[in-house]
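In each ligand, atom 1 is the first atom listed, and ligand 1 is the first ligand listed. Just so we're clear, the structure is a prediction, and the values are computed from it rather than from any experiment.
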Amino acid sequence: MTVLDPAPSTTLAELTTLRVGGPAAELVEARDEATLVEAVSSADAAGVPVLVVGAGSNLVVADEGFPGRVVVVGNRGLGIEGDTCGGAFVEVGAGEPWDDVVAAAVERGWIGIEALSGIPGTTGATPIQNVGAYGQEVSQTVARVRTWDRKLRGIRTWTAGECSFGYRTSRFKQDPTRFVVLNTTFQFRLGDLGAPVGYAELATALGVAPGERAPATEVRETVLALRRSKAMVLDPDDHDTWSTGSFFTNPIVAAGDVPVGAPAWPQPDGLVKTSAAWLIEQAGFTKGYGNDRVRLSSKHSLAITNRGGATTADVLELARELESGVRDRFGIALVNEPVLVGCRL
Ligand SMILES: Cc1cc2nc3c(=O)[nH]c(=O)nc-3n(C[C@H](O)[C@H](O)[C@H](O)COP(=O)(O)OP(=O)(O)OC[C@H]3O[C@@H](n4cnc5c(N)ncnc54)[C@H](O)[C@@H]3O)c2cc1C
């Protein structure tokens with residue numbers, strides 16, 4: 001294992017899509033599983049703080065930086081355990097770019113992640129917050145997650161049922177410094193048609209009724225087009241994409257607390273999910289709200305974007321303003337979706 005950057009010269013701004021955050025005291029790029037485990041476990045043994053980073057698309061780190069070892073996950077590869085009429089089991093290295101996996105799945109007729117096209121980041125991060133979009137979540141296709149347990153100092157493999165998946169959460173997110181995802185195995189059905197379309201906007205764009213199916217290739221292209229129209233596909237030339245995607249999760253509240261006119265998605269437990277974007281807009285923060293350094297995306301009111309030169313302090317200041325504006329107007333607390341390191345709202 002080589003510590004690439006023993007002197008603090010690489011900043012978290014260079015490792016994250018929001019492009020803010022100060023220096024890493026140490027940097028290790030782990031291109032294989034053994035290096036990943038060694039990088040984390042040797043730092044743990046020495047009492048050095050560890051920050052595991054995939055593609056940095058859901059991460060906001062303090063301007064002071066990270067006073068320990070930043071380990072960039074880079075172990076790649078797809079292992080196909082079975083690809084028969086019974087379905088495909090595919091084991092994916094944590095550092096594999098997620099959208100490459102979706103593209104491969106659509107090409108090979110592996111069904112169930114086509115609506116998750118265009119989401120930035122690594123595959124190992126997808127079970128952490130149970131990545132989801134357009135009616136799909138990875139929990140619907142994850143079979144098992146292989147991890148390094150930093151507390152027990154050993155490998156532990158979790159079946160999907162043991163992962164405590166929920167809306168943008170899992171046992172890995174709930175216990176944030178304990179598990180390092182080494183690889184994830186997905187179980188896919190086979191076919192040309194994608195899974196039933198579970199999101200009204202996508203169904204309309206595809207010209208099918210919600211619950212109907214459409215060719216997976218079309219679902220992927222349609223999702224990519226929808227996402228591009230909202231600046232939700234990374235583009236280095238477009239500051240509207242210098243973000244962490246949605247900065248807040250959609251609040252889940254008692255049915256009686258949903259504001260009149262707000263979108264309402266009933267949950268199995270009787271609570272109702274409503275739209276953070278709607279709340280932000282109705283509280284008076286329209287698309288583009290902010291200043292020269294940091295503002296809401298001009299295409300999506302949930303994305304806080306860096307216009308160049310923003311600091312983490314700038315991002316947090318705008319986030320706090322949005323949060324308190326929504327709380328004052330509707331009495332609903334917004335919760336940040338990205339992981340905040342060394343800072344808080
Ligand atoms: C433009 C844009 C659009 C987005 N759209 C969506 C969307 O539609 N749906 C959605 O759910 N998310 C979305 N996101 C958020 C983000 O892309 C996902 O959460 C993604 O899975 C993060 O992957 P990453 O590799 O970048 O993780 P990072 O940002 O590097 O890390 C996120 C967290 O996971 C931890 N982590 C990363 N890898 C590992 C590992 N191998 N083991 C243990 N911990 C690890 C990190 O320590 C950190 O706490 C979007 C982000 C952007 C910038």
Could you check [atom] against the protein and tell me its nearest heavy-atom contact, residue, atom and distance included?
atom                    : answer
atom 46 (C) of ligand 1 : Val52 O, 3.0 Å
atom 9 (N) of ligand 1  : Gly132 O, 2.7 Å
atom 28 (P) of ligand 1 : Gly56 N, 3.6 Å
atom 21 (O) of ligand 1 : Val131 CG2, 3.2 Å
atom 4 (C) of ligand 1  : Arg227 NH2, 3.5 Å
atom 19 (O) of ligand 1 : Gln129 NE2, 3.0 Å
atom 13 (C) of ligand 1 : Ile119 CG2, 3.8 Å
atom 25 (O) of ligand 1 : Thr122 OG1, 2.6 Å

Just by distance, no angles: are the side chains of [X] and [Y] close enough, under 3.5 Å, to form a donor-acceptor pair?
X      : Y      : result
Thr184 : Glu91  : no
Ser301 : Glu281 : yes
Thr11  : Glu14  : yes
Asn130 : Ser170 : no
Asn75  : Glu33  : no
Thr185 : Arg146 : no
Glu321 : Tyr289 : yes
Asp32  : Thr35  : yes
Ser229 : Arg227 : no
Trp158 : Thr147 : yes
Asp235 : Thr241 : no

May I ask you to check if ligand 1 and [X] share an N or O to N or O distance below 3.5 Å?
X      : result
Leu51  : no
Thr241 : no
Val181 : yes
Ser57  : yes
Thr17  : no
Asn58  : yes
Gly245 : no
Leu234 : no

Evaluating non-hydrogen atoms only, which member of Ala133, Ala231, Ala125 is closest to atom 38 (N) of ligand 1?
-> Ala125
Between ligand 1 and [X], can you find any atom pair, the residue atom being a heavy atom, that is separated by under 4.0 Å?
X      : answer
Pro176 : no
Lys173 : no
Glu137 : no

Do Leu59 and Phe172 share a hydrophobic cluster, counting only Ile, Leu, Val, Met, Phe, Trp and Tyr and linking them when any side-chain heavy atoms are less than 4.5 Å apart?
->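 No; tracing contacts between hydrophobic side chains, which count when under 4.5 Å, never links both residues.
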Short list, please: which atoms of ligand 1 are under 4.0 Å from a heavy atom of [X]?
X      : result
Leu59  : 29 (O), 48 (C)
Arg168 : 11 (O)
Glu337 : 12 (N)
Gly121 : 23 (O), 24 (P), 25 (O), 26 (O)
Val53  : 30 (O)
Phe179 : 43 (C)
Thr244 : 15 (C), 50 (C), 51 (C), 52 (C), 53 (C)

Would you please indicate yes or no on a ring centroid separation below 6.0 angstrom for Phe285 and Trp278?
->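 No; Phe285 has its ring centre 6.0 Å or more from that of Trp278.
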Using atom types as modelled and distance alone, determine if a side-chain donor or acceptor of Thr244 lies under 3.5 Å from a backbone N or O of Phe247.
->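 Judged by distance alone, no pair lies under 3.5 Å.
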Start with the C-alpha distance between Arg220 and Glu114, add both sets of side-chain angles, then the distance that settles salt bridge (charged side-chain N to carboxylate O under 4.0 Å, His left out), and finish with yes or no.
-> CA-CA 5 Å; Arg220 174 167 169 77; Glu114 56 285 344; over 6 Å; no
Where does Val339 meet ligand 1, judged by heavy-atom distances below 4.0 Å: at the side chain, the backbone, both, or neither?
-> side chain
Spacing of OG belonging to Ser246 relative to NE2 belonging to His300, to within rounding of 0.5 Å |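 If we round to the nearest 0.5 Å, Ser246:OG and His300:NE2 are 5.0 Å apart.
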